[in-house]
Amino acid sequence: MAITKDSKISIKFEHELYAKIESYAANNEMDKSKVIRLAVKKFLNVTPVEKKRSAKN
């Protein structure tokens with residue numbers, strides 16, 4: 001079993017916002033979680049490209 005450093009949260013959205021997330025995900029061939037991660041990163045001004053750490057760090 002793989003060990004992951006990701007964390008999970010539970011979140012509620014208004015129906016209209018959830019529908020927009022679903023639509024965006026379908027139109028861009030990604031899952032809803034990825035859409036939400038990208039939106040949060042953009043809101044927080046975090047580069048959406050995840051940087052992998054080298055074994056030395």
Side-chain angles (χ1 to χ4, degrees):
M1 184 161 105
I3 298 175
T4 178
K5 294 181 182 181
D6 294 342
S7 299
K8 292 182 181 182
I9 63 169
S10 176
I11 188 167
K12 293 182 180 183
F13 292 104
E14 307 83 28
H15 176 73
E16 295 81 14
L17 181 54
Y18 185 81
K20 288 182 179 185
I21 293 167
E22 282 188 308
S23 177
Y24 186 92
N27 291 333
N28 291 280
E29 300 180 352
M30 57 178 75
D31 60 37
K32 293 182 292 286
S33 292
K34 184 168 185 176
V35 173
I36 295 165
R37 282 192 303 273
L38 290 172
V40 169
K41 287 177 180 181
K42 184 172 182 174
F43 179 81
L44 296 174
N45 293 318
V46 176
T47 304
V49 176
E50 296 180 17
K51 296 180 181 176
K52 298 193 180 213
R53 294 181 181 180
S54 68
K56 294 179 183 178
N57 290 340

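Quick caveat: nothing in here was measured; it's all calculated off a predicted structure.
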Which atom pairs, one a donor and one an acceptor, fall under 3.5 Å between side chains of residues 20-30 and the rest of the protein, sequence neighbours left out?
residue, atom, partner, partner atom, Å
Ser23, OG, Asn27, ND2, 3.4
Asn27, ND2, Ser23, O, 3.2
Asn28, ND2, Tyr24, O, 2.8

Tell me, please, which residues at least two apart from [X] pass side-chain contact (heavy atoms from CB on, under 4.5 Å).
X	value
Glu14	Glu16, Leu17
Leu44	Val40, Val46
Ser33	Asp31, Arg37
Lys42	none

### Message
Do Phe43 and Ile11 sit in one hydrophobic cluster, given that two such residues count as connected whenever their side-chain heavy atoms are within less than 4.5 Å of each other, even indirectly?
### Response
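Phe43 and Ile11: one cluster.
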
